[in-house]
S.K.: 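One structure, pasted below without further comment.
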There are 2 protein chains.
Amino acid sequence: MLKLTKRTEYGLIALVHLADQATLAPAGEPVPVVSARAIGDLFPVPRRLLAEALKQLQQDGIVNSTRGAHGGYRLSRAATEISLGEVISSLEGEPSLTSCAGLGAAGSNHSCEVEPVCPIRSPLARLRTGIWTLFEGITLQSLTDRAIDPNALFAGVAEENDGFSATG
Amino acid sequence: MLKLTKRTEYGLIALVHLADQATLAPAGEPVPVVSARAIGDLFPVPRRLLAEALKQLQQDGIVNSTRGAHGGYRLSRAATEISLGEVISSLEGEPSLTSCAGLGAAGSNHSCEVEPVCPIRSPLARLRTGIWTLFEGITLQSLTDRAIDPNALFAGVAEENDGFSATG
DNA sequence: CCAATTGGCACTAATCTAGAGCTAATCGAA
DNA sequence: TTCGATTAGCTCTAGATTAGTGCCAATTGG
Ligand code: SF4
Ligand code: SF4
């Protein structure tokens, strides 16, 4: 299943909203604080899961939280300094692509039996690294630019990835 | 969960093996036929799931099957003409990345409630298209070259994907 | 006929996700 | 101080998906 979890989507929605709010803020205040309730009022998402996603993002240093009345969340950095890879890694763990992803020398608890003779492990690990690098190059800021032309995000990728064999 | 299913992995293992066998074949015969049992003897994978994956690949025209004794499978095309995207699409359906992936105008059976106001739908759809294009540019042949240097597969992607905002 | 193989269907168990419930700790304001 | 709003932490249930097995029909070569 090459699909993001709902937790990740909710977290991304919240982050995009926070980024929007931060953009609107003047230079005086650090950034406005938005509560999970406020975000839940704007978007029809389960408030609880939204809060849970934000909590996770706080633990990983992507957002800062303020407790108590008038509390809420704000981005810990500028939207241009937060990568999509970081967010995904926080909300649903490192993307593995295979079951034998991160197990190098340390945790070989339940490694795949095929591993010693697996013919696809190495290529898929390469692919995983490539996707990961791709995600880390996408900033939260670029996600907020949702009205721009659809070709901007992947200008170079589509043409550059087949420089080895492909159909041509 | 950004992870491939076991079915996809088993299918890819089988395909890589078939591609290897096809490469070793002389020009006379079309391509050697390999049974699911033979592949299951080579790699410690559940023979049944392997067969199921191959069956699916047959239905989508990626492999040809021969029934009866001495039956088995062979690639329906050259390994350079089979894309990873095609294989993944066959074995675990179109990768969606979000729940609102393929539903355009037709099937709005259980569309996400957030959709009308979702701030991440458009950017994530772009990202999905990009990943999809990336997968379609990777051929089965390139997966069989598992001994080459790890930098070849993603030579251009890592450097080209941040030409819009990023950190620089 | 017989053995080997693909093809098709159904079923169970494990794993993961989505969501809700509850309580404590923190902070601002009345 | 008292109260309400909010984040933080934990457990629990139901649903969806995956992983794997079982069984039998159809096909093909010996
Ligand atoms: S070793 Fe091969 S079969 Fe096992 S998890 Fe890794 S890629 Fe998949
Ligand atoms: S509309 Fe937004 S929240 Fe709903 S599935 Fe699509 S991306 Fe996710």
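Lettering of chains follows the sequences in order, A, B, ..., and the numbering in each one begins at 1. As the structure is a computational prediction, the values presented were derived from the model and not from experiment.
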S.K.: 5'-most contact on DNA chain C: A:Leu4 or A:Ala69, nearest heavy atom basis?
M.R.: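 The residue mapped nearer the 5' terminus is A:Leu4.
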S.K.: Starting from the C-alpha separation in whole Å, work towards a yes-or-no answer on side-chain hydrogen bond (donor to acceptor under 3.5 Å, both in side chains) for A:Gln141 and A:Thr144.
M.R.: CA-CA 5 Å; A:Gln141 178 64 47; A:Thr144 65; 3.2 Å; yes
S.K.: Within less than 4.0 Å of OP1 or OP2 of C:dG7, is there a side-chain N or O belonging to B:Tyr73?
M.R.: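 Yes, such a contact exists.
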S.K.: With a non-hydrogen cut-off below 4.0 angstrom, is A:Ala36 in contact with a base, only sugar-phosphate, or nothing?
M.R.: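 The answer is sugar-phosphate, as A:Ala36 gets under 4.0 Å only of primed atoms, P, OP1 or OP2.
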S.K.: Quick one: the side chain of A:Lys55 and the base of D:dG9, do they pair up donor-acceptor inside 3.5 Å?
M.R.: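 Under the 3.5 Å cut-off, the side chain and the base do form a donor-acceptor pair.
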S.K.: Using a cut-off of less than 4.0 Å, is there contact between a side-chain N or O of A:Tyr10 and OP1 or OP2 of C:dA18?
M.R.: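 For C:dA18, neither OP1 nor OP2 has a side-chain N or O of A:Tyr10 closer than 4.0 Å.
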S.K.: Whole angstrom is fine here: how far is it from CG in B:Leu49 over to P in D:dT21?
M.R.: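 Going from B:Leu49 (CG) to D:dT21 (P), I get 7 Å.
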S.K.: Which sits closer to the 5' end of DNA chain D, B:Lys6 or A:Glu52, going by the nucleotide each is nearest to?
M.R.: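 Looking at the nearest nucleotide for each, A:Glu52 comes out on the 5' side.
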S.K.: Quick one: CD on A:Glu9 to OG on B:Ser99, what's the gap to the nearest 0.5 Å?
M.R.: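 It is 5.0 Å, given to the nearest 0.5 Å.
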S.K.: Going by an N to O cut-off under 4.0 Å, is there a salt bridge joining B:Arg7 and B:Glu92?
M.R.: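 No salt bridge links B:Arg7 with B:Glu92.
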S.K.: Go nucleotide by nucleotide along DNA chain D from the 5' end; which of A:Gly68 and A:Met1 gets its closest nucleotide reached first?
M.R.: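 First, find each residue's nearest nucleotide; the 5'-ward one identifies A:Gly68.
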S.K.: Does A:Gln58 place a side-chain N or O at less than 4.0 Å from the phosphate oxygens OP1/OP2 of D:dT7?
M.R.: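 So the side-chain polar atoms of A:Gln58 never come under 4.0 Å of the phosphate oxygens OP1 or OP2 of D:dT7.
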S.K.: Does D:dA8 have its OP1 or OP2 closer than 4.0 Å to a side-chain nitrogen or oxygen of A:Ser65?
M.R.: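 Looking at the OP1 and OP2 atoms of D:dA8, one of them is under 4.0 Å from a side-chain N or O of A:Ser65.
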S.K.: In terms of hydrophobic clustering (I, L, V, M, F, W, Y; side-chain heavy atoms under 4.5 Å; direct or indirect links), are B:Leu124 and A:Met1 co-clustered?
M.R.: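 No, B:Leu124 and A:Met1 fall in different hydrophobic clusters.
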S.K.: Which part of the nucleic acid does B:Gln59 contact within heavy-atom distance under 4.0 Å: base, sugar-phosphate only, or nothing?
M.R.: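 The residue B:Gln59 makes sugar-phosphate contact but no base contact.
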S.K.: Look at the side-chain N and O atoms of B:Arg37 and state whether any lies under 4.0 Å from the OP1 or OP2 oxygen of C:dT5.
M.R.: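 Indeed, a polar side-chain atom of B:Arg37 lies that close.
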